There are 2 protein chains.
Amino acid sequence: MTPQRRAIVEYLEKARNHPTAEEIFSEVNRRFPMTSRATVYNTLKLLAGAELLHEIRKDDTVRYDPNLSPHHHFVCRRCGRIEDIGWELIPPLALGELPGRQLADSFEVTLFGLCLACRKRG
Amino acid sequence: MTPQRRAIVEYLEKARNHPTAEEIFSEVNRRFPMTSRATVYNTLKLLAGAELLHEIRKDDTVRYDPNLSPHHHFVCRRCGRIEDIGWELIPPLALGELPGRQLADSFEVTLFGLCLACRKRG
DNA sequence: TTGATTGCAAACGGTTTGCATGGGA
DNA sequence: TCCCATGCAAACCGTTTGCAATCAA
């Protein structure tokens with residue numbers, strides 16, 4: 001556990017909005033100017049590989065989600081913000097064998113619309 | 001409507017499996033060796049912009065979905081194949097205002113599991 | 001001491017763009 | 001004629017990797 005890694009983990013603990021790797025890099029680099037992009041990217045990949053973090057991809061860029069409990073996502077059409085939606089808010093879907101004979105074992109819902117801030121902005 | 005564009009559209013009409021831009025490029029280029037990558041990419045972007053095609057992103061690469069009717073997706077954990085799931089197979093979710101005060105107007109479900117081919121392969 | 005972690009810069013893969021050429025209406 | 005589509009290559013952006021130096025244990 002090096003200072004760089006600690007800074008990354010601390011940033012992620014506070015980050016409630018699915019930061020991109022680049023956002024994490026610039027914040028960590030601001031606090032620890034010696035930290036390189038490679039270290040941040042590698043650490044993030046390592047954490048994700050260890051299931052301590054989830055990767056979500058939107059528009060070609062990976063975002064990191066420190067929320068490990070199962071949940072769905074809401075994506076704001078206007079500002080692109082991604083917010084978590086509690087798992088219990090979406091009725092569970094029937095899994096198992098589908099009509100196409102695929103065997104489904106999990107699912108994920110993404111809701112689209114306007115976030116609160118963008119609603120206020122009109 | 002040039003031969004290149006025709007070839008792209010024809011390929012997409014037959015493609016039932018969400019080809020990547022690169023797959024489209026190599027197939028079109030095989031039939032029309034003069035076709036450049038730029039033309040294919042630009043045409044795809046143009047078609048997607050005109051809502052004649054949907055872009056779906058998986059693992060850093062854009063895939064194109066010629067199925068314009070609303071539907072959900074199934075992603076095979078083993079081979080990565082993406083298949084369409086009929087809209088009517090998923091019970092409609094309640095939209096409108098969410099507890100977090102976001103205003104949801106649409107949703108999308110992704111199911112994960114094993115496709116038929118991978119099930120057979122054991 | 002010794003293996004893991006770091007910084008740098010260069011490589012990478014998918015995608016986009018600038019620019020000059022060429023064909024279609 | 002005039003514009004749009006094309007081909008090529010270079011640029012681009014986010015990400016990954018090779019490598020030598022450095023640090024933690």
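In what follows, chains are A, B, ... by sequence order, proteins preceding strands, each numbered from 1. These figures come from a predicted structure and were not determined experimentally.
- For CZ of R101(B), the number of neighbouring non-hydrogen atoms (other residues, nucleotides, ligands) closer than 6.0 Å is 12 at most.
- Ring pair F107(A)/H72(A) is tilted by interplanar angle, where 30° to 60° counts as tilted.
- Side chain of T39(A), nearest nucleotide from dT17(C), dT6(C), dT6(D): dT6(C).
- For M34(A), counting side-chain heavy atoms from C-beta on, the closest listed nucleotide (dT15(C), dT17(C), dG7(C)) is dG7(C).
- One can place NZ of K45(B) at 5 Å from P of dT16(C), the figure rounded to the nearest angstrom.
- Rounding to whole angstrom units, CZ of residue F25(B) and P of dT6(D) are separated by 13 Å.
- A close approach under 4.0 Å does occur between a side-chain nitrogen or oxygen of R5(B) and OP1 or OP2 of dT6(D).
- Here dA5(D) presents its C1' atom at 10 Å from CG of L46(B), a figure rounded to the nearest Å.
- T35(A) comes within 4.0 angstrom of the backbone, heavy atoms only, and of no base.
- One interatomic measurement links the two molecules: CZ of R6(B) to C1' of dG24(C), which rounds to 13 Å at whole-angstrom precision.
- Atom OH in Y41(A) sits roughly 14 Å away from atom C1' in dC12(C) (whole-Å rounding).
- L46(B) and F25(B) fall into different hydrophobic clusters, where Ile, Leu, Val, Met, Phe, Trp and Tyr side chains are chained together by heavy-atom contacts under 4.5 Å.
- Of the candidate nucleotides dT17(D), dT6(D), dG14(D), dT6(D) has the atom lying nearest to any side-chain atom of T43(B).
- Under the 4.5 Å side-chain heavy-atom criterion for grouping Ile, Leu, Val, Met, Phe, Trp and Tyr, V9(A) is connected to L12(A) within one hydrophobic cluster.
- Going from atom CG of N42(B) over to atom C1' of dG18(C) covers 12 Å, rounded to whole Å.
- The line from NE2 of H18(A) to NE2 of H54(A) is 11.0 Å long, rounded to the nearest 0.5 Å.
- The distance from atom CD1 of I8(A) to atom P of dT5(C) is 12 Å, rounded to the nearest whole Å.
- As judged by a 4.0 angstrom heavy-atom cut-off over every strand, R37(B) is placed among the base-contacting residues.
- Of the residues near DNA chain D, D60(B) and T2(B), the one whose nearest nucleotide (by heavy atom distance) lies more toward the 5' end is T2(B).
- Among the nucleotides dT15(C), dG7(D), dG7(C), the one closest to the side chain of A21(B) is dT15(C).
- In this structure, R63(B) places its CZ atom 15 Å from C1' of dT15(C), rounding to the nearest Å.
- When distances are taken from the side chain of S36(B) to each of dT17(C), dG7(C), dC8(D), the shortest belongs to dC8(D).
- Closest approach to the V62(B) side chain among dG7(D), dT16(D), dT15(C) is made by dT15(C) (side chain taken as heavy atoms from C-beta onward).
- An OP1 or OP2 oxygen of dC23(D) is reached within less than 4.0 angstrom by no side-chain nitrogen or oxygen of Q4(A).
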